[in-house]
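The structure appears below as structure tokens.
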Protein chains: 2
Amino acid sequence: MDRFRTMESFVRVVRAGSFTIAASQLGLSRALVSRHVSELEGRLGARLLNRSTRSLNLTEEGAAYLEFCERVFRDIESNERAILRTRQEPVGTLKLLAPKSFGTMHLSDAVIAFAKLQPRLRVSLVLENTPYRGAYDFGERGLDLVLCFSTMRSASVVEQEIASVEWTLCASPDYLARAGRPQTPSDLGDHACLVHVDVMPNDSIWRFEGPTRPSLASQATAGLSPPKRGARRRKGPIAVKVRGAFFSNAALTLGKAAAAGLGVTLVPRYAVADDLAAGTLVNVLPRYRVASRTLLAVYPQAPVIPRKVQAFVEFLKVWMAEHDIGRRKPRVAAASTRE
Amino acid sequence: MDRFRTMESFVRVVRAGSFTIAASQLGLSRALVSRHVSELEGRLGARLLNRSTRSLNLTEEGAAYLEFCERVFRDIESNERAILRTRQEPVGTLKLLAPKSFGTMHLSDAVIAFAKLQPRLRVSLVLENTPYRGAYDFGERGLDLVLCFSTMRSASVVEQEIASVEWTLCASPDYLARAGRPQTPSDLGDHACLVHVDVMPNDSIWRFEGPTRPSLASQATAGLSPPKRGARRRKGPIAVKVRGAFFSNAALTLGKAAAAGLGVTLVPRYAVADDLAAGTLVNVLPRYRVASRTLLAVYPQAPVIPRKVQAFVEFLKVWMAEHDIGRRKPRVAAASTRE
DNA sequence: GTTATTGTTGTGTAATATGCAACAATAGAT
DNA sequence: ATCTATTGTTGCATATTACACAACAATAAC
């Protein structure tokens, strides 16, 4: 028999001073309440209250047990409320894992802003490029949220899109002047390419779509095919196996290398936004689109999502949008002036 | 669902690090243990442990809840042991109620001796002559044990015989010299009787049995009727309504009054044992037997009797026998020299 | 005495706790 | 990479038991 319920009945009987009243308060029959108390007495091996048809009186053991019950109930109540609060407000510790370069570039600012908003929440931001072991991260390492650019392809996690991060192909003007400006992706085979290597099997295969029609006016006059969104037409994806001249898993490093004239690099736009704005780097093959990668927030599949995770994901989405991180046409000047 | 069991399952799972092992330890199926934990998580609204087929890991809430569970279990265990101990050894407070005269004369000594033997037990001895309200005493007043000479005639109490207390009819030699020595109970109607009044409807009706055959030899020679136990033969009870000259509910007072020559009194033998030994009082109508009254230990009917009550009743029985309290042929001299 | 109300107990039924078996997921072995 | 063994989960049938109703015993008030 459920011990909690028997204890509850007992406490109620004592408080009400009557089995009948207690039963009606509990929404049970007198019979059951009586059995509950008897059960308790049987298990404890002691009479808890002297019943005499017209009055109930606690025995010595009963008084001690009543006190105990009330303590346990208080304990339970406070504890359960504390745990239930994790659904209401972000409390505890939020453990984040993110790729190093993205983390240092932007996430750290977002996390700091978030931590300011949530003074009751401890935040742990781990930056590394060797993660994504799936369940291991959430289990053994106790991570709450992993931010990454590749799907985990696992049914036991939830992946939520945070932002689309544009990658951009760029080189320094002086390099282009020296090596020539490529006109199609396949031209890149002859260039010195600075390759961003993930730990994932990210080979040095660069993929493009395009080219985009040079003139918008020509489409408007044609009138045969309905204008597609963005007034742009794509061709099938083009994959180019590039010759690596320089490798790094740090996009910033690659950007610096490109600015130094080492070659052409394909990196997240955010990593070279400043150089592009300053003109130390310029876009290469602007008429070809580089597939953007989606920043994913990954957390364990569970019936209830901890409020802290939910809150951070929501915050990050807004923050990313507000700061134009990864926007296809970033207002670079504005972005650099913003906080 | 039984919260204790779900908690138990959860704790076991964490300790074992596996649902399967925990289930076998608990003697349950994996399915049920899984359900238990799920139940718990559902009620708390938080995932308690991240399960990843090969390893289990507590979440933040899980760790907090585990600690809570263990605290509750420790609590329960210690409390239940404390209460179970009341069945093993006499602990707590033993509240006694006894008639005033008997209490002051003998019970107090017994109780003091008992209290010495049971240093962990507090004893409360209330002496009064207005008790026996049955359930009220055990209920409202919280008494554990009532000692009295009259049955409560209630199904909700247990009455245990402690000792048979002889009453004796006696007077001072000088009174008998003055007023004459009664030969039969009915002679008492002409005497000054000192009446012990209880609060109970104990009228001044005195009851006798007898007379006893004066000679034992006469029976041995007769050989017709088999000798009855004690070689004594009784006649039917004789009831005499006596004329009260003096009333008291204190047997000692009546004894003193009798010793002072005020009349004949019928009191518990223990109250006049010293006077009888000293000769300041002598037995009247020795061939008639006065109905002895049985000292009863009365306590509430309950499935389990508290050890303290049981212990005291046993102790009192032995003590009464050892001290010859109420014995029909008391070794008065010996009784007074004993402890 | 009579009555009304209390706590307890017997009994049938509805709720649910439980085990079994099939399933999904994963870590390690081949 | 594929296979295998093992884990935790879920659907389903069933045995358990929690529960209310009603009859009962006891008692306080009338």
Side-chain angles (χ1 to χ4, degrees), chain A residues 1-6 8-10 12-14 16-24 26-42 47-57 62 132-140 152-157 201 300-303, chain B residues 1-6 8-10 12-14 16-24 26-43 47-57 62 132-140 152-157 300-303:
Chain A
M1 194 175 277
D2 192 324
R3 284 159 81 171
F4 267 105
R5 308 198 58 183
T6 59
E8 211 123 47
S9 290
F10 169 63
R12 250 344 213 288
V13 166
V14 174
S18 149
F19 280 70
T20 307
I21 297 172
S24 80
L26 292 165
L28 301 172
S29 63
R30 276 177 304 173
L32 192 56
V33 174
S34 170
R35 277 196 179 84
H36 279 167
V37 175
S38 295
E39 228 277 325
L40 222 43
E41 290 180 326
R47 169 151 282 216
L48 293 175
L49 27 84
N50 284 319
R51 352 218 205 301
S52 36
T53 319
R54 236 38 171 207
S55 76
L56 296 178
N57 294 86
Y132 315 155
R133 281 194 265 174
Y136 169 78
D137 293 315
F138 302 118
E140 323 267 308
M152 287 194 179
R153 223 175 298 278
S154 163
S156 62
V157 298
Q301 172 73 275
Chain B
M1 196 174 278
D2 191 325
R3 284 159 81 170
F4 266 105
R5 306 197 59 183
T6 60
E8 210 123 46
S9 290
F10 169 64
R12 249 347 213 286
V13 166
V14 174
S18 151
F19 280 70
T20 307
I21 297 172
S24 79
L26 292 165
L28 301 173
S29 63
R30 275 178 305 174
L32 192 56
V33 174
S34 171
R35 277 196 180 84
H36 278 168
V37 175
S38 296
E39 227 278 325
L40 221 44
E41 290 180 327
R43 196 158 44 71
R47 169 150 283 215
L48 294 175
L49 26 85
N50 284 320
R51 356 224 205 293
S52 37
T53 319
R54 238 35 172 212
S55 75
L56 296 178
N57 294 86
Y132 315 154
R133 282 195 266 174
Y136 169 77
D137 293 315
F138 302 119
E140 324 267 307
M152 285 195 183
R153 224 175 298 278
S154 163
S156 63
V157 297
Q301 174 71 278

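Residue numbers start from 1 in every chain, and the chains themselves are labelled A, B, ... in the order their sequence lines are given, proteins ahead of strands.
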For residues 32-41 of chain A, which residues have at least one heavy atom under 4.0 Å from DNA chain C? A:S34, A:R35

Tell me which nucleotide among D:dC19, D:dG8, C:dT8 gets nearest to the side chain of A:R5. D:dC19

Sorted by chain and residue number, the salt bridge (charged side-chain N to carboxylate O under 4.0 Å, His left out) partners of B:R51 (sequence neighbours excluded) come out as B:E41

Polar side-chain contact A:R51-C:dG7 base: donor and acceptor under 3.5 Å: no

Mind checking salt bridge (charged side-chain N to carboxylate O under 4.0 Å, His left out) for B:R5 and listing every partner two or more places apart, or none if nothing turns up? none

Within the 4.0 Å heavy-atom criterion, would you say A:G17 contacts the bases, only the backbone, or no part of the nucleic acid? nothing

Nearest to side-chain heavy atoms of A:F19, which nucleotide of D:dA20, C:dT8, C:dA17: C:dT8

Who pairs with B:R35 by side-chain hydrogen bond (donor to acceptor under 3.5 Å, both in side chains), at least two apart in sequence or on another chain? none

Minimal non-hydrogen separation, A:V33 against A:S9, with atom names: CG1-CB, 4.2 Å

Taking only residues two or more places apart in sequence, or in another chain, which ones meet B:F19 in a ring-ring contact (aromatic ring centres under 6.0 Å, His included)? none

Pairing residues for B:N57 by the side-chain hydrogen bond (donor to acceptor under 3.5 Å, both in side chains) criterion, not counting sequence neighbours: B:S55

A:Q301 CD to D:dT9 P: how many Å, rounded? 13 Å

Could you state the CG-C1' distance from A:L49 to C:dT6, rounded to the nearest angstrom? 14 Å

The salt bridge (charged side-chain N to carboxylate O under 4.0 Å, His left out) partners of A:R12 (sequence neighbours excluded) come to none

Reckon B:T20 touches a base, only the sugar-phosphate, or nothing at all at heavy-atom distances under 4.0 Å? sugar-phosphate

From CZ of A:F10 across to C1' of C:dG7 the rounded distance in Å is 16 Å

By nearest nucleotide on DNA chain D, pick out whichever of A:R30 and A:D2 is the more 5' one. A:D2

When the distance from CE of B:M1 to P of D:dT17 is rounded to whole Å, what number comes out? 14 Å

In short, the helix from C:dG1-D:dC30 to C:dT30-D:dA1 is bent end to end, axes from five pairs each side, to 10°, by 30°

Those residues that, when tested against A:S24, pass side chain to side chain contact (heavy atoms under 4.5 Å, CB included) (two or more places apart): none

